[in-house]
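Please read the structure below before turning to the comments.
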Amino acid sequence: MPAPPQLQQALSTALLELGLDPNEPKVRLSRPATSGHGDWSSNAALVCAKRLGVPPREVANQIASKVEALQPAHLKSVEVAGAGFVNFYLFDSWLHEELQQILVQGEEGYARTDLSKGERVQIEFVSANPTGPLHVGNGWWGAYGDSLARIMERCGFDVTREYYVNDTGGQIRRLGESLLKRKAGQQVGEDGYQGSYVAELAAQYRGPDDTMEAGRWAAGRILENIRSTLSRLNIVFDEWFSQASIEESGAVQETIDLLDKRGLVYEEDGAIWLRSAALGDSRDRVLIKSNGDPTYLAGDIAYHRNKFLIRGFDRVIDVFGADHHGQVPSLLAGVQALGVDPGRLEIRLGQMVSLAEGKMSKRQGNFVSLDSLIDDLGPDAVRLLSLMSSIDQATTLDLDLVRKQSMENPVYYIQYAHARISSIQRFAQAMGVERVSLDKVDLSLLTEEAELRLIRVLIKLPEVVIEACSDREPHKVTTWVRELAGTFHSFYHDLRVVGGDVPAEITQARLWLVEGVRIGLFIGLHLLGVSAPSSM
RNA sequence: GCCCCCGUAGCUCAGUGGAUAGAGCAACUGCCUUCUAAGCAGAUGGUCGCAGGUUCGAAUCCUGCCGGGGGCGCCA
């Protein structure tokens, strides 16, 4: 939340009068961590003191008295503290006004901003090969991509969610081989897909004994399952983009022609190479193998040409697993070779998710599928669990522990807060207490510390969403939602809303307060893709 | 060898330039005749991997080292 405009204005004026630049990048008006340091605090004196050759506390004193003289709205007192911080204490009226605004804006409007500058963004994520069920890591990075999309949408971006389907080449052949071997009752080799799902598919396969045909059929079936698994997690894609379609449309050849025209390809050892070493990669890369097949990279560059130059996305965010880290420099080089500013392509790497029980491998089929984890914990818990920490953090899941905790999972803690508020609202109605309209309620009756604390947390949301968006870190929303839920539970314990001997006007003010909290929880949970139940 | 990520309480993780470092789980003590105890309150628990550097100020930025994970294909 930005500081009250009058306070910002007064501070700027004060700084200017002292010959200081209010737009100095390191100068901040921010909320201190502890309430003992005021509602807002400026570090201007610390930043500027050296240049002035005056002790910081002295500068701070001058700033303090100038701001005080300007008497900005809501300002109660100013103090100089620590090494030279100027701390501002505001009247509660500031918080009451903020709450009022939140209630006016509601679920739709609150914490909605426009950072987009009109950008169309594509986020490509999951994109797991259709050769087996999704694993837990796909769910982790999938929740990340989808929540990032939701957050960016709330910040005004036009977002397309896309899944790149790897439905071509050696994998499909290998899948087809595995299927046919299973069907014929033979052993699947070491380099085949050994999971039991292959046997299940083999039993259903009615097509000819053609490797590619069987492979494509199986991939199609698997993709259907992937789609339904993802939808259990509230992940829905706008576009499923087929790699085969890129190859069959001749787009790969067109792309290579384009690169050739730019003088960035050459032939050697019967293969076609990209001069990627000249574009930041550690070496040159093969685009067309000596057997005439395009490499994965060639298809990927053609795909990114489609993203940037055909469909015209302003910005593309690719979410990959860290095991694909090696292909990043090549892809960036390829994009640059197309003449696209590589700054328009962001690649976020999700660190690996593993199980305490041991390593997972899709080929060997001994992994815990995302589906079974969802069966185990429920979709909300899986989604929230995956959005608790940064994707830069490698995760080791201890299933026993997670299962044991699932009844005391953070997800219930948060949802319970939302359900409790709904319950209060139901109770009020049952008692015949109707909420008066917003222009009739006197929010200034909210003076208890537990009430004010709640508003202080609630008003952080817009800034949290903005930060989560620009840092591409959805888990910041999770952190905030947990804090709000905790603050609410504490409030709930301390103060009654309806009934008891609470005066009617206070009940009204508190009903609106908890509605504000409900709005915050609802928005936060929605951005995380977690449901907000009205009862539990 | 080179590249990326991580190292914070017993465990899982927040905090990434501000003033006494936070939460959940585990362990301890209290709180339900009152709007949902899936909750609340209190106490316990930390050389922020190590060593330098930058800064008025570093868990946060820079360098080196140690430890863990991932990657360096005419595989995808």
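Chain letters run A, B, ... following the sequence lines, proteins first and then strands; every chain starts at 1.
- Comparing A/Y492 and A/V86 against RNA chain B, the residue whose closest nucleotide sits nearer the 5' end is A/V86.
- To the nearest 0.5 angstrom, A/L525 atom CG is 9.5 Å from A/T478 atom OG1.
- In a base pair of the Watson-Crick type (N1 to N3 plus N6-O4 or O6-N4) or a G-U wobble (N1-O2 and O6-N3), with each distance short of 3.5 Å, B/G18 is matched with B/C56.
- Glycosidic conformation, B/C66: anti, with the torsion outside 90° of 0.
- Among the atoms of the strands shown, base atoms are found under 4.0 Å from some heavy atom of A/M536.
- One atom, OH of A/Y296, and another, P of B/G73, lie 16 Å apart when rounded to the nearest Å.
- With a cut-off of 3.5 Å on both Watson-Crick or G-U wobble distances, the partner of B/C2 is given as B/G71.
- Between A/W480 and the options A/L527, A/V465, A/V464, a side chain to side chain contact (heavy atoms under 4.5 Å, CB included) holds for only A/V464.
- Within the model, atoms CG of A/L274 and CG of A/L279 stand 6.5 Å from one another, a figure rounded to the nearest 0.5 Å.
- The CD atom of A/Q253 lies 10.0 Å from the CG atom of A/L287; values are rounded to the nearest 0.5 Å.
- Of the side-chain N and O atoms in A/H37, none sit less than 4.0 angstrom from OP1 or OP2 of B/G18.
- With a 3.5 Å ceiling on both atom-pair distances, B/U34 lacks any Watson-Crick or G-U wobble partner.
- When distances run from any side-chain atom of A/D269 to the nucleotides B/G39, B/A19, B/C74, the shortest one goes to B/C74.
- Distance CG (A/L495) to C1' (B/G39): 15 Å, rounded to an integer number of Å.
- Here B/C40 presents its C1' atom at 14 Å from CG of A/L454, a figure rounded to the nearest Å.
- A donor N or O paired with an acceptor N or O is found under 3.5 Å between the base of B/A19 and the side-chain atoms of A/N87.
- One N or O donor and one acceptor, one from the side chain of A/S290 and one from the base of B/C74, sit under 3.5 Å apart.
- Between A/K460 and A/E463, no side-chain nitrogen of the basic residue sits less than 4.0 Å from a carboxylate oxygen of the acidic one, so the salt-bridge criterion is not met.
- Each of B/C74, B/C40, B/A19 was ranked by its minimum atom distance to the side chain of A/A33; first place goes to B/A19.
- Nucleotides B/G73 and B/A14 place their P atoms 31 Å apart, quoted to the nearest Å.
- B/G30 sits 35 Å from B/C48 when the P atoms are compared, rounded to a whole Å.
- In this model, the phosphate group of B/A37 is not approached by any side-chain N or O of A/Y413 to a distance below 4.0 Å at OP1 or OP2.
- Between B/C61 and B/G67, the two C1' atoms lie 22 Å apart (nearest whole Å).
- Across all strands shown, B/C66 is found opposite B/G7 as a Watson-Crick or G-U wobble partner, with both distances under 3.5 Å.
- Listed nucleotides: B/A37, B/G15, B/A19. Nearest to the side chain of A/K476: B/G15.
- Atom-to-atom, CD of A/E449 to P of B/A41 comes out at 13 Å; the value is rounded to the nearest Å.
- Under the 4.0 Å criterion applied to side-chain N and carboxylate O atoms, A/E124 and A/K307 are assigned as salt-bridge partners.
- Rounded to the nearest Å, the gap between the C1' atom of B/C31 and that of B/A37 is 9 Å.
- Taking the ring-ring contact (aromatic ring centres under 6.0 Å, His included) definition, one finds that A/F320 meets it with nothing, sequence neighbours left out.
- Taking the six-membered ring where tryptophan is involved, the planes of A/F522 and A/H418 are tilted, since the angle between them lies from 30° to 60°.
- Looking at A/E483, its side chain has no donor and acceptor atom pair within 3.5 Å of the base of B/A23.
- B/G17 sits 44 Å from B/C75 when the C1' atoms are compared, rounded to a whole Å.
- Residue-level contact check: A/R28 touches neither bases nor backbone, having no heavy atom under 4.0 Å from any strand.
- When heavy atoms are screened at a 4.0 angstrom cut-off, A/Q415 is found touching no nucleic acid atom at all.
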For every nucleotide of nucleotides 53-61 of chain B, 5' to 3': is a protein heavy atom under 4.0 Å from its base (B), only from its sugar-phosphate (S), or from neither (-)?
---BB----
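- If you check the side chains of A/S531 and A/Q415, you find a donor sitting under 3.5 Å from an acceptor.
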Determine, for nucleotides 2-7 of chain B in 5'-to-3' order, which nucleotides have protein heavy atoms under 4.0 Å from the base (write B), from only the sugar-phosphate (write S), or from neither (write -).
-BSSS-
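- Following rounding to the nearest Å, A/F85 (CZ) and B/G17 (C1') show an atom-to-atom distance of 10 Å.
- For B/A19, the base has a donor-acceptor partner in the side chain of A/S41 [N/O atoms by modelled type, under 3.5 angstrom].
- Straight-line distance from the CG atom of A/N43 to the P atom of B/A19: 12 Å, rounded to whole Å.
- When the P atom is used for both B/G7 and B/U60, the distance is 11 Å, rounded to whole Å.
- A/H493 places its NE2 atom 11 Å from the C1' atom of B/G30, with the value rounded to the nearest Å.
- One atom, CG of A/L331, and another, C1' of B/A76, lie 14 Å apart when rounded to the nearest Å.
- Comparing B/A38, B/A37, B/C74 by their closest approach to the side chain of A/T295 singles out B/C74.
- Summary of the strand contacts: A/S535 and A/L297 both lie near RNA chain B, and taking for each the nucleotide with the nearest heavy atom, the more 5' one is attributed to A/S535.
- Cation-pi check for A/R420 over A/F488 is not met; the charged atom does not lie both under 6.0 angstrom from the ring centroid and within 45 degrees of its normal.
- Between B/A21 and B/A59, the distance separating the two P atoms is 10 Å to the nearest Å.
- The side chain of A/Y412 lies closest to B/A38 when the candidates are B/C74, B/A23, B/A38.
- The C1' atoms of B/A26 and B/U44 are separated by 12 Å, rounded to the nearest whole Å.
- No salt bridge links A/D21 with A/R51; every basic N to acidic carboxylate O contact stays at or beyond 4.0 Å.
- Nucleotide B/C28 has B/G42 as its partner under the Watson-Crick or G-U criteria, with both atom distances under 3.5 Å.
- A/Q508 contributes a side-chain N or O that, together with a main-chain N or O of A/E434, makes up a donor-acceptor pair within less than 3.5 Å.
- Taking 4.0 angstrom as the limit, A/Y416 places a side-chain polar atom (N or O) nearer than this to OP1 or OP2 of B/A38.
- Judged purely by atom type and a 3.5 angstrom limit, A/S147 has no side-chain atom pairing as donor or acceptor with the backbone of A/Y144.
- Closest contact between the side chain of A/H475 and the listed nucleotides B/A14, B/A23, B/C35 involves B/A14.
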